[in-house]
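I have placed the structure first, in the form of structure tokens, so that the comments after it can refer back to it.
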Protein chains: 2
Amino acid sequence: MTLKIDKSVVRSFSMFEKMADADVEHLLSLAVSRRASAGEAFFEQGGAATHFFMLIHGRLKVTQVTADGQQIIVRVVHPGDLFGFARALRRPDYPGTAVSVSESLALSWPTELWPQFIDRSPHVAVSALNTIGERLEEAHTRIREMSTQEVERRVAHTVLRLARQAGNPEASKIRIDFPITRQDIAEMTGTTLHTVSRILSAWEGQGLVEGGRQKLFVCDMKRLQSLADSEKH
Amino acid sequence: MTLKIDKSVVRSFSMFEKMADADVEHLLSLAVSRRASAGEAFFEQGGAATHFFMLIHGRLKVTQVTADGQQIIVRVVHPGDLFGFARALRRPDYPGTAVSVSESLALSWPTELWPQFIDRSPHVAVSALNTIGERLEEAHTRIREMSTQEVERRVAHTVLRLARQAGNPEASKIRIDFPITRQDIAEMTGTTLHTVSRILSAWEGQGLVEGGRQKLFVCDMKRLQSLADSEKH
DNA sequence: CTGCTTCTTTGTGCATCCGCAAACAACTTG
DNA sequence: CAAGTTGTTTGCGGATGCACAAAGAAGCAG
């Protein structure tokens, strides 16, 4: 499990952008790489938070399960993102489960190293604060949407966000670049699989999107955007 | 507007708990106190984030208004809480509006002082990270509730949270210690004033709560709790 | 006290969204 | 290729919560 990651890949991630070469190398030398194929988890909800991670390649979803067994998707993790640093916020355990949805590779560090991580470069601290600030804002946006908007607009927002974060242009369409189910989208928008299926079918009829099993293409960002923005009715 | 706050009051707030006397005094000497009577705002959504604050006395609600004019309550601020430190997360403007709901007093510092604030005591940085981590968690809880639970349980949770955070025992009842309207509760739970009114009326019939104009007493925490916890149906 | 404003209660119809159920399609495994 | 697994579609009935409306109650100013 020694490190054989190309440094230039890591360099492109915003967190390391402004760091000195020596510092990057030092941090990388402390990291252990971990691989997970689709369906495997990096950590489980409630487990002791022994490590924090950075995703190098692939895609994860972070989920939470409620007391009565319902699941929601908290967020999707993209390459370059830090994840599982619950402990930095003084939590002893992971608040969610991080499951790989496509072949993934991550770096991991023991949580004890977090302070050292910060010492090595203040940028990391700033970066962490920014990251978590963004997440908070994202969460508030989601709350606002769920409070005030009807399902169709929420789904539109979610799909647009996915297209922006994980979209791959491909012959006039944008391909969502990892396997995603209607169930997943339902768990991200707070509705049911059935409703999502209905909405996507309707959109497909209007040429807005194209779908398949665990696949999704966005054909018309513009009209989807106007759906997401439009005043009600 | 010079400072005449009793240091012992401030000392009781968790943020200052572990700080040296000299440091507390230094920070307080840089602060400017600001007062707001009910309805006045400390800052407005979208305004330039020139200051950050700590609430000493009173109660605030932080609200956001959506593009189409709908309002939601993001959170309630209690004495001892930091608020308005958007800038620390590198935002140039306030993401919400902080309105006083009862006569309030807060300390304020110019945002430029934030780094100095952190230097003076690492506890502040830790405290800030914790605070924001808690808020994130709270937001996720709210998202989870809104995704999976029906309205009555969400209202139950909200009322219980209010009772814990701002409850005042009073003759076998617990009084929510600041003026709160059904509209406010609706905006906290993502429903309408009407539905909240109906639910509270029903509860009042069962002796769970007692209400009045901008008043709310919780009579039976236990049964309310079981309502909030119970499996559906 | 009187009128005004703000907050609350209550009722009725109606659109939305969910739950259940069943069939179908795609991919996987042996 | 047959059987099993997993994901998707669709229909229908019904509950939930919303919009609209109107009136009552409580506080406030003059």
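As the structure is a prediction and not an experimental result, all values here were calculated from the model. Numbered from 1 within each chain, the chains take letters A, B, ... in sequence-line order.
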>> Expressed as a whole number of angstroms, how long is the span from A:Leu193:CG to D:dG7:C1'?
In response: 8 Å
> Are the side chain of A:Ser201 and the backbone N or O of A:Ser197 linked by a donor-acceptor pair below 3.5 Å?
Replying inline: yes
>> Salt bridge or not between A:Lys222 and A:Asp220? Use side-chain N to carboxylate O under 4.0 Å.
In response: no
> Over how many whole Å does the gap from A:Gln183 atom CD to D:dT9 atom C1' extend?
Replying inline: 14 Å
> Would one find a side-chain N or O of A:Thr195 under 4.0 angstrom from OP1 or OP2 of C:dC18?
Replying inline: yes
>> Tell me whether A:Asp93 is salt-bridged to A:Arg91, with the criterion being a basic N under 4.0 Å from an acidic carboxylate O.
In response: yes
> Do B:Arg144 and B:Thr141 have side-chain atoms, one donor and one acceptor, less than 3.5 Å apart?
Replying inline: yes
> NA contact type, A:Ser197, heavy-atom cut-off 4.0 Å: base, sugar-phosphate, or nothing?
Replying inline: base
> So, do A:Phe83 and A:Phe42 have ring centers that fall under 6.0 Å from each other?
Replying inline: yes
>> Salt bridge check, B:Lys173 against B:Glu210: does any charged N sit closer than 4.0 Å to a carboxylate O?
In response: yes
> CG of B:Asp184 versus C1' of C:dC7: gap in Å, rounded?
Replying inline: 11 Å
>> For D:dT10 and A:Ser201 - does any side-chain N or O of the residue sit under 4.0 Å from the phosphate oxygens OP1/OP2?
In response: yes
> Of B:Arg75, B:Lys61, B:Arg59, which is the lone residue that meets salt bridge (Lys or Arg N to Asp or Glu O under 4.0 Å) with B:Asp184?
Replying inline: B:Lys61
>> Quick one: does any side-chain atom of B:Arg175 pair with a main-chain N or O of B:Asn168 as donor and acceptor, under 3.5 Å?
In response: no
>> In whole Å, I'd like the distance from the CD atom of B:Gln149 to the C1' atom of D:dT16.
In response: 15 Å
> Could you state the CZ-C1' distance from A:Arg154 to C:dC17, rounded to the nearest angstrom?
Replying inline: 10 Å
> When every nucleotide of nucleotides 21-30 of chain C is labelled 5' to 3' by its protein contacts under 4.0 Å (heavy atoms), B for base, S for sugar-phosphate only, - for none, what sequence of letters results?
Replying inline: B----BS---
>> Which is more 5' along DNA chain C, the nucleotide nearest A:Gly190 or the one nearest B:Ile180? Just name the residue.
In response: B:Ile180
> If you find the nucleotide of DNA chain C closest to B:Val196 and the one closest to A:Glu152, which residue's nucleotide is nearer the 5' end?
Replying inline: B:Val196
> Rounded to the Å, how far apart are B:Glu150 CD and D:dG17 P?
Replying inline: 7 Å
> Given D:dG17, D:dA19, D:dT10, which nucleotide is nearest the side-chain atoms of A:Arg198?
Replying inline: D:dT10
> Separation of B:Arg182 atom CZ from D:dA25 atom P, in whole Å?
Replying inline: 15 Å
> From the list C:dC7, C:dG19, D:dG17, which nucleotide is the closest neighbour of the side chain of B:Thr181?
Replying inline: C:dC7
> When the distance from CD1 of A:Ile199 to P of D:dT10 is rounded to whole Å, what number comes out?
Replying inline: 13 Å
>> Ring-plane angle category for A:His78 and A:Phe178, please: parallel below 30°, perpendicular beyond 60°, tilted otherwise.
In response: perpendicular
>> According to salt bridge (Lys or Arg N to Asp or Glu O under 4.0 Å), who are the partners of A:Glu44, at least two apart in sequence or on a separate chain?
In response: none
> Using the C1' atoms of five pairs at each end, what's the angle between the two axes of the helix from C:dC1-D:dG30 to C:dG30-D:dC1, to 10 degrees?
Replying inline: 40°
